[in-house]
Trainee: 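Here it is, the structure in full.
If you read the sequence from its start, that first residue is 1, and numbering goes on from there. This one's a predicted model, so the numbers in the text were calculated from it and none came from an experiment.
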Amino acid sequence: MEGEQLLCVAARSGDLQKVKDLIASGADVTYFDGDGLTPLMHAAANGHAEIVKTLIEAGAPWNAVSPSDLSAGDLAMENGHQDAFDFLLNAGIQSELVLGTIARATSKTSSDPTATYLEDRVVFSEDRVMDSESKAVMMAWEKPLMESHARAICNKKGGNVLNIGFGMGLVDAAIQRYNPSMHTIVEAHPQVYDRMIRSGWGEKDNVKIIFGRWQDVLSELESYDGIFFDTYGEYYEDMREFHQHLPRLLKPGGVYSFFNGLCGSNAFFHVVYCQLVALELGNLGYDTQFIPLPVKDCLAEEVWEGVKRKYWQLDTYYLPVCQATSDSE
């Protein structure tokens, strides 16, 4: 067998010294065997944590996926190998922290992905909002989740609440049921904004609508008892930037939450990003809890009919509840 094939065999069987020798002789740690698995996947699936560590340190990608979209972390998780899972989780977090630093250093020269969406036409139907490429902006199956988000951020009845991103208005309709003293909605897409106005949202006594990107209207925002963040066409770095403003925007005792669609098609990557966002919010002085909500029954195959990409494929949704560390009790 070639060195790479031998490396897969050694990783699967737990032969640490053989793995080290093959790496030293130049075996490619990124190799995929005939089953579409890497040496790292074999080691993780069989719980060989020291080999996982050795392969990662030799440059094996923690986020490579098999033909069935499983990563090494997924395989460790599925087979109950906690040590291997913990090492892969830490490797993933550290890698994304480094990549995030690089992304921020080069962001001044990169294009704005939000602009494309805001210039695009969206199509409204009873159960979804779609962009021109048949990608879902928001769907009706999210309604129970949005009701839970509203309940989380409206823990003070009659409070001052902020929502970034209207979409179908699911979370805003739920927020209204808590009778907030003021309910501010920031929406940047002109069609969505127009639909809001035509639907009567601008006529509600306790609703203030601000049209524009949140980045451009920060000076119009106050401090709030509850904040929800759910934008389309933005990435994790955009949400991370919003988090930098939480110390000014969130009142003492206030609750922040966001739509947790981070890597919603892969269970392990989702865990990595949940831990990453909790870590970075922790550095800002906030504790984050994730409340598990089962969603499998909401996602029958027909729900996705006509949608180009399933943006959520997991059985459980982890709803984030974030408060200042001093308030988290």
Side-chain angles (χ1 to χ4, degrees), residues 112-154 161-178 180 183-204 206-217 221 224 226-236 238-239 242 256-262 264-265 293 295 298-299 303-313 317-320:
D112 180 7
T114 316
T116 302
Y117 164 64
L118 297 181
E119 294 168 1
D120 195 8
R121 283 193 61 80
V122 295
V123 178
F124 299 90
S125 64
E126 186 176 343
D127 65 344
R128 64 189 66 176
V129 180
M130 306 275 280
D131 69 11
S132 62
E133 297 181 348
S134 297
K135 295 178 182 176
V137 176
M138 191 174 215
M139 298 179 69
W141 73 264
E142 299 175 32
K143 183 178 179 182
L145 303 183
M146 294 300 151
E147 291 171 346
S148 296
H149 278 292
R151 183 164 60 249
I153 67 169
C154 295
V161 179
L162 170 67
N163 173 38
I164 307 289
F166 182 79
M168 293 175 68
L170 298 178
V171 75
D172 293 293
I175 288 171
Q176 279 292 296
R177 291 197 282 272
Y178 291 90
H183 176 184
T184 301
I185 306 170
V186 176
E187 175 54 53
H189 197 288
Q191 277 184 268
V192 177
Y193 173 75
D194 181 63
R195 187 179 177 88
M196 291 173 67
I197 298 301
R198 288 188 287 107
S199 299
W201 278 91
E203 300 169 12
K204 297 180 184 294
N206 66 340
V207 171
K208 176 183 178 182
I209 301 174
I210 301 176
F211 176 63
R213 298 167 70 245
W214 64 264
Q215 295 92 332
D216 300 328
V217 301
L221 303 182
Y224 302 91
I227 300 175
F228 182 60
F229 184 89
D230 183 12
T231 61
Y232 182 79
E234 294 189 321
Y235 298 106
Y236 176 74
D238 299 286
M239 185 170 72
F242 179 77
Y256 166 68
S257 190
F258 59 90
F259 180 70
N260 191 9
L262 301 167
S265 60
L293 301 176
V295 294
C298 304
L299 294 173
V303 168
W304 300 106
E305 188 174 342
V307 178
K308 185 174 181 179
R309 180 180 64 85
K310 297 180 181 179
Y311 59 87
W312 188 266
Q313 299 180 44
Y317 176 83
Y318 290 91
L319 187 147

Trainee: Decide side-chain contact (heavy atoms from CB on, under 4.5 Å) for Tyr311 and Lys135; before the verdict, give the C-alpha distance in whole Å, the side-chain angles of both, and the deciding distance to 0.1 Å.
Mentor: CA-CA 9 Å; Tyr311 59 87; Lys135 295 178 182 176; over 6 Å; no
Trainee: Please round to the nearest 0.5 Å and tell me the distance separating atom CE of Met139 and atom CE of Met130.
Mentor: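 Those atoms lie 7.0 Å apart.
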Trainee: Strictly below 4.0 Å, N to O, side chains only: are Arg177 and Glu147 in salt-bridge contact?
Mentor: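 The answer is yes: the pair qualifies as a salt bridge.
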Trainee: Determine the interplanar angle of the His189 and Tyr117 rings, folded into 0 to 90°, and report it as parallel if under 30°, tilted if 30 to 60°, perpendicular if over 60°.
Mentor: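 Because their plane-to-plane angle lies in the 30° to 60° range, the rings of His189 and Tyr117 count as tilted.
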Trainee: To the nearest 0.5 angstrom, please state how far the CD atom of Glu142 sits from the CZ atom of Arg128.
Mentor: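 Separation between the atoms: 11.5 Å.
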Trainee: Considering only heavy atoms from C-beta outward, does the side chain of Ile209 approach that of Glu187 to under 4.5 Å?
Mentor: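 Not in contact.
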Trainee: Scan Phe242, Tyr236, Phe258, Phe259 and name whichever one has a ring-ring contact (aromatic ring centres under 6.0 Å, His included) with Phe229.
Mentor: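 Only one of Phe242, Tyr236, Phe258, Phe259 forms a ring-ring contact (aromatic ring centres under 6.0 Å, His included) with Phe229, namely Phe242.
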Trainee: For Cys298 and Val303, run side-chain contact (heavy atoms from CB on, under 4.5 Å): C-alpha distance rounded to whole Å, both residues' side-chain angles, the deciding distance at 0.1 Å, then the answer.
Mentor: CA-CA 8 Å; Cys298 304; Val303 168; over 6 Å; no
Trainee: Which pair of non-hydrogen atoms, one from Val161 and one from Tyr224, has the smallest distance, and what is that distance?
Mentor: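 Residues Val161 and Tyr224, closest heavy atoms: C-CD2, 3.8 Å.
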Trainee: List the atom of Ser134, the atom of Gly306, and the distance in Å for their closest heavy-atom pair.
Mentor: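 Result for this residue pair: CB-O, 3.9 Å.
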Trainee: Taking the side chain from Asp172 and the backbone from Ala174, do they hold a donor-acceptor pair closer than 3.5 Å?
Mentor: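 No; zero donor-acceptor contacts below 3.5 Å.
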Trainee: For the residue pair His183 and Gln176, what are the closest heavy atoms and their distance?
Mentor: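 Nearest heavy atoms, His183 then Gln176: ND1-NE2, 2.9 Å.
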Trainee: Report yes if some heavy atom in the side chain of Thr231 is under 4.5 Å from a heavy atom in the side chain of Asp238; otherwise report no.
Mentor: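 No, their side chains stay 4.5 Å or more apart.
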Trainee: What is the minimum heavy-atom distance between Ser257 and Ile153, and which atoms define it?
Mentor: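 Shortest heavy-atom separation between Ser257 and Ile153 comes out as CB-CG2, 3.9 Å.
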Trainee: Would you say the ring centers of Tyr317 and His149 fall short of 6.0 Å from each other?
Mentor: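 Yes, the ring of Tyr317 comes within the 6.0 Å limit of the ring of His149, centre to centre.
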Trainee: So, applying side chain to side chain contact (heavy atoms under 4.5 Å, CB included) with Val207, which one of Thr184, Ile175, Ile185 is it?
Mentor: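 That would be Ile185.
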Trainee: Work out which heavy atom in Asn260 is nearest to a heavy atom in Pro320; give both atom names and the distance.
Mentor: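 Smallest heavy-atom distance, with atoms named: CB-CD, 3.9 Å.
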Trainee: Distance from Ile164 atom CD1 to Met239 atom CE, nearest 0.5 Å?
Mentor: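 Here the rounded value is 13.0 Å.
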Trainee: For Phe166 and Trp201, take the angle between the two ring planes, folded into 0 to 90°, and tell me which bin it lands in: parallel under 30, tilted 30 to 60, perpendicular over 60.
Mentor: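 Ring orientation of Phe166 relative to Trp201: perpendicular.
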Trainee: Got a sec, which residues hit side chain to side chain contact (heavy atoms under 4.5 Å, CB included) with Arg195, two or more places apart in sequence or on another chain?
Mentor: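 Arg195 satisfies side chain to side chain contact (heavy atoms under 4.5 Å, CB included) with Phe124, Arg198, Ser199 once adjacent residues are dropped.
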Trainee: Is any side-chain heavy atom of Leu145 less than 4.5 Å from a side-chain heavy atom of Leu319?
Mentor: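 Contact flag for Leu145/Leu319 side chains = no.
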Trainee: Let's go through Trp304 and Leu299 carefully: what are the C-alpha distance in whole Å and the side-chain angles of both, what is the deciding distance for side-chain contact (heavy atoms from CB on, under 4.5 Å) to 0.1 Å, and is it a yes or a no?
Mentor: CA-CA 8 Å; Trp304 300 106; Leu299 294 173; 3.7 Å; yes
Trainee: Which atoms form the tightest heavy-atom contact between Gln191 and Asp120, and what is the distance?
Mentor: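 Residues Gln191 and Asp120, closest heavy atoms: OE1-O, 3.9 Å.
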Trainee: Taking atom CE of Met146 and atom CG of Asn163, what is their separation to the nearest 0.5 Å?
Mentor: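 Going from the CE atom of Met146 to the CG atom of Asn163 covers 8.5 Å.
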Trainee: Kindly determine whether Leu221 and Ile210 satisfy side-chain contact (heavy atoms from CB on, under 4.5 Å), including the steps that lead there.
Mentor: CA-CA 9 Å; Leu221 303 182; Ile210 301 176; 3.8 Å; yes
